Every structure is written in C-alpha cells, then in structure tokens.
Q: 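Take this structure first; my questions come after.
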2 protein chains.
Amino acid sequence: MKPTIYDVAKKAGVSIATVSKVINNTGRISEKTKNKVLKVIGSLNYQQNVIATALTGKHTYTIGLLIPDLSNLFFAELARSIEDRGNELGYNLVICSTDYNPEKEAKYIELLKRKNVDGFILASGFENTYEVEKLIEEKYPVAIVARDVPAFNVNAVCIDDFQGGYDAASCLIELGHKKIAIIARDVWSNRERIRGFRKALEDHGGIEEYEFAQFALESSVQAGKTISLEYLSSSDPPTAIFACNDLLAIGAIEAIREKNLRVPDDVSVIGFDNTVIATIIDPQLTTMAQPIQHMGREVMDLIVAEIKGEKQYKSRIVLDTKRIVRESTAQIKRKQNANKKS
Amino acid sequence: MKPTIYDVAKKAGVSIATVSKVINNTGRISEKTKNKVLKVIGSLNYQQNVIATALTGKHTYTIGLLIPDLSNLFFAELARSIEDRGNELGYNLVICSTDYNPEKEAKYIELLKRKNVDGFILASGFENTYEVEKLIEEKYPVAIVARDVPAFNVNAVCIDDFQGGYDAASCLIELGHKKIAIIARDVWSNRERIRGFRKALEDHGGIEEYEFAQFALESSVQAGKTISLEYLSSSDPPTAIFACNDLLAIGAIEAIREKNLRVPDDVSVIGFDNTVIATIIDPQLTTMAQPIQHMGREVMDLIVAEIKGEKQYKSRIVLDTKRIVRESTAQIKRKQNANKKS
DNA sequence: TTGAAAGCGATACCAC
DNA sequence: GTGGTATCGCTTTCAA
C-alpha cells in the first residue's frame, strides 16, 4: 500500500502533526527534525493524498471545464491551452462535453460539485444562465471563456464578437460585395457576430444582406454545406458568405464547388476561429482569428486567482479578433445580374 | 454550506448510519424510515460528497486519461468517445496531454495517483514501459488504447497497425506504384505500420521503397510537408506517399502542389486515421480508417470492468482498420523515367 | 518545538 | 431495524 503520514511519522519517530507541518511548511519545527522527516519521506517515497487533504477543507487542485464538444477543433485547442496553463499552475482539468445541452450542463455541474472541484471554467452554451448564477451565488469560483455573459458579474475572457462580426463583414464589403449571406448556429456569441455584421452593412449602406433563412443546427461542415446550397440555389445568389466558424465555412466552400462555382472568383468565403484547418484546406481560408492560446492562459490565470482569493473584483477580459486574409476571399468580379429592384 | 449526512440525519431524526444505508441501499431499513430519510434528502437537496466517500476506500469515479496531445484531432475525437462512454457509466475523465514526453507522463501519473483516480487509460507514448509496469504492479486498473504493448499483460484496445500498414501499401501497389515513400513519426504504432508496409512491398516484389530519410519530428502538416519536399526534390522521386497520419498526409499534398505536381495524377497519397479533415480537404484523402468511436467505447468498458473487479484476465482487443478510398490515390499514369538500374 | 486530539464526511462492523 | 463508533489520511488548535 501507499505509505501514509502515519508511516512517515512512525519511521521518523515523530508525530503525524509534525510530519504535516514539515510537508506544509507551517508552524515551527527544528531544522533537525525537519531534515529527519524529509529524509524519511524521501526513502518511503511518500506522497500526500489529495483526497484526504481536500476533506480537511483544502483544495483538490482540480478544475471542471465545461465545453460544448471536445472533438470540435476550436474547443480542443482551447482546452489544450487551458490545460497547459493549469499544468504550470498545478491544476488538473476534468473535461466535460455538453453538446450545448442544458441538462448535461446541469448534470455535470452537480457531479463536479460533489467531487469538490476548486472551480469551474465554462465555455459551454448556458443559454439559461440560471446554473451559472447559482454557482456564483454558492461562492464557487467561476470563469467564463469564449462566450460573453454581460448580464451579471462574473470572471470572463472573451473576444469582441460584435467587432469580429463587424470586421468580417467589412472585409467582404471592402472587396466590393453587395450581397452577402451569413451562416451561423444559434448561440449567443454568434448572435453578437451577426449584430456586428449587420451594423457593418448598415454603416456602409447599399449592401444587401442575403435573406437569412435559418440557423445552422450544428457547427459542422455538413450543416454549412446544406445551408449554403440553399442560398446558392436561389435565382439571385449571394456573392460572399460569412460563416461563423471555420467548419461552416468549409461547408460553404464545398457547396460552392458543388454548384460548379469557384472560390473566391465566383463567391468569397470568410470564416471565424482560425483553427488549423483554415490553412489546411484549399483555398486557404480567410477567417477571423481568435487568440485561442491567449484565451486559455488568461482564463486559467483568472480562475486560479479567484480560487486563491487574490481577487477583490471580477474581471472581464475582452480580446480582439484579427482578420486573417488568405485565399478564400477576393475582389468581386462578375457583375450581378441586373437585379436591383428599380 | 452544502448539507452533510449529519444534517440529513438530524432533520430526519435518525443516525448517520441509517442515512448512509438508505443512500447506498445496503443493510435493512424499514420502508417507513427509508421514505422519511429520502424525503429529507430531497428537501435538503443533499448530495453525497465523493471526496469523503473515496476516503473510506470507495471509488472516485474519475479516470485519468493520458494522451499525447488533446489538440490533435485524432486524440480529441478519441477522448470525446471515451468521455461519452464514461458519462454513460458514471465516470469523469481527467485529461492530460503528455506530448510524448516521458517526464510529463511520469509526473501526471504520480499526480493522478495522489488524487485517487480509479484507473488509467493510456494513449500516450510510453516508449519506456517502466511507468506502465509499475502501475500494474501496484494494482492500478490500467487500459491502453491506440497503442499496442505486446510485451506484457495489460488490458488494451488497439488496431492492427501491422495490417493497417500492409493494407495501405497494398492499396498503392495495386494502383501500379513501384516507388513508394513513407512518412512517419517515430512512435511504436508507426514502427508497426512501417513493418506492415515493408512486408507488403516484399510480398509483391519489384516494388521499391523510397529511401527512408528520417522520421517526422511531430505529427503536423508542416513536418509532413518538409519531408515530402525533400523526397520530391530528388532526381527520381516517389510516385506515391504513405503518411502515417492524416496531418502528415496533408503536408505531403501541400508539398506535391508546391512542386507543381498534381494529386493524385502525379503522386498518390494515402493517410492514416480518417479524422474529419480527411473529407474536408481537396482532394479528399484516401486513408486507413481507425474505428475511433469503437475504440473509445471498448477501452472505457474495459477499464470499468477492471475497476469493478469483474475481470479475471486481461483482455486485448484488436480492431481492424478499413481502407477508405477517396480522391488522393489513383492508378499510376506517367511512366517513370527510365531508372531501373539495369 | 512537539504532539494529543478533534474534525472533515462518509462507510461498515457490531451491538442492541 | 437501528445506531454507536472506529476508520480512512490529513490539518489544525491547543497544551505541554
């Protein structure tokens, strides 16, 4: 069996209280006994039992991470960057995929509470903020990432989705596009991006938003393709598509090809996220980059500060997106069919 | 504060022993007191503290998952499928990315032990099997996935890497290729794939393996591209490339294009894994599919059975790979320069 | 400077 | 059927 503090105490000829003190470097112990205990700890290869420590009111050094889907590259990259920073700080992650399902969100939170995690990093949907508010009320350290929740006071690291949407639209507008479609899943951050997108159209004037048919049901290539196909099949299709993530954008590209059109010559496409696939596909995807590494790092720092009680106030860190122009967007070429109403 | 078993006992007017019994459905309690206690539990919204339970020798319902890199799509998909099955079975995952670094592997194992995880699922490198053997010796439930370790007795779910390599090579050979290059990172499963690959060349005869220059340093697009570029720059380049994962294969495709050659007309490429990117890129990648979902499910079942003590013997489950022919491979067209030695 | 003992929240043995 | 109590491994207060 693994040695316990009792084994150490016995072998060192001291009490467990003394051993505890040298482990935690608390209280006052003589150099002599301290060294003696340390030596025994080494020889026994003793390791503190985190579970027992946690039971006395200490931390578990484990943080719950709720994300929509671990197999979505954006979240996988985000989780990895959070994990890395956690590792530097001595924390592990229990990762839970929620599929944006409120029941799963609630269930996982309940379960993680029972496991005494030190805090929660939330990157899931939480359309219903009730669970989050409850968590905060119960004094659990909470930090939100990749999703803004302006409604209440909570630590958060997010991007400026409005600005990102605005910039994506601007990119297309500057290239001369006058009829632009949007593809998005119906989650909070996308609604912000759409808002920004529309504001850009408005600000420039004379730009038409292609009739918004429906939200994507999921953030997949297939969903992007299905919706794009619909757009492109109309009598007066858009000349540019803004997809709210890279996967949907790739679906758009596939749809465009299936219609025997070319990207970007016939239709431009801009994505969002800048995951590694953006550079992998051909043509390489123009997209709005999210600072994933940065976000992961910041949110872990935030929650650890909160756990350690170092924070007086909640912080909200808003990071900027960056327009990455690659090959999927181009100056508009073909004149549209004479389709102005007048 | 969260209610404890004492709160429940007091409010129900019974002892904590009784409460414990109704929670765990052990011992004998009258229907009456049982209902009474249950009601109080409901009204107090009492939840068992997993930490305290674990301290009495019970399980934590948490399993450590060690993988090389969470942001690698193959492992992200694998982790997700393991997580899903774990969720069905009541287990959470602590996910640790090791980067194939033995020190990280050892460190994480040590840490997870201290946290009393119920077992370990290992998908990392573990070139040095010492850590794994130690774990098994110490009676920790262990299951290995996506990596075969034939040296000793351990639960494992893996694919037949040798067969996969053999089949990949056969695919190329059947298309008439006579000079084939291979790209791989130097990890165990790839060495098996290479072995299978070579056996296929041998079995068919007259096929030349393109001089194997070096192992890839990482499983990235860039690494695949760099090595492919080198191959393609030689005076007598290969007509087909077998890459040991999809990312490397994509790098190969990029390299081929950079050389102003076409895929698959000039050079065929076959990958390995069949992650979602295989269908995303153009041309769609011919690849050897790993049954990721199946693997995740099986390995979780294996470790849970082990944890519950339901297993008398270790199991090794070997799954087959499947050849998925898409667009990146084609019948050889161009005659090679007259380069036969005689 | 050291250690005895209470307590963290639960389980389980053994009386009653 | 029910409950008192030792126990899990550790921290912390308080005496000595």
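Numbers restart at 1 for each chain; the letters A, B, ... are given by sequence-line order, proteins then strands. Just so we're clear, the structure is a prediction, and the values are computed from it rather than from any experiment.
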Q: Salt bridge check: are B:D7 and B:K11 linked by an N-O gap of less than 4.0 Å?
A: no

Q: Output the rounded distance in Å from OH (A:Y61) to C1' (D:dC10).
A: 14 Å

Q: Hey, is B:K314 close enough to B:E306 for a salt bridge, meaning N to O under 4.0 Å?
A: yes

Q: After noting the C-alpha distance and the side-chain angles of A:E83 and A:Y91, does the key distance pass the side-chain contact (heavy atoms from CB on, under 4.5 Å) rule?
A: CA-CA 8 Å; A:E83 186 208 331; A:Y91 288 80; over 6 Å; no

Q: Over all strands shown, is B:Q47 touching base, sugar-phosphate only, or nothing at heavy-atom distances under 4.0 angstrom?
A: sugar-phosphate

Q: Side chains of B:V14 and B:V19, heavy atoms from C-beta outward: is any pair under 4.5 Å?
A: yes

Q: How does protein reach along nucleotides 11-16 of chain D, written 5' to 3' as B (base within reach of a heavy atom under 4.0 Å), S (only sugar-phosphate), or - (no contact)?
A: BB----

Q: Ion pair present between A:E77 and A:R80, side-chain N to carboxylate O less than 4.0 angstrom?
A: no

Q: Hey, where on DNA chain C does chain A first and last touch, going 5' to 3'? Cut-off is any atom under 4.0 Å from a heavy atom.
A: C:dT1 to C:dG9

Q: In terms of heavy-atom contacts, does NZ of B:K113 have more than 12 from other residues, nucleotides or ligands at under 6.0 Å?
A: yes

Q: Under 4.0 Å between a Lys/Arg side-chain N and an Asp/Glu carboxylate O for A:K36 and A:E31?
A: no

Q: Quick one: on DNA chain D, does B:G57 or B:G13 contact a more 5' nucleotide (nearest heavy atom)?
A: B:G13

Q: Can you confirm whether A:F120 sits close enough to A:P141 that some side-chain heavy atom of one is under 4.5 Å from a side-chain heavy atom of the other?
A: no

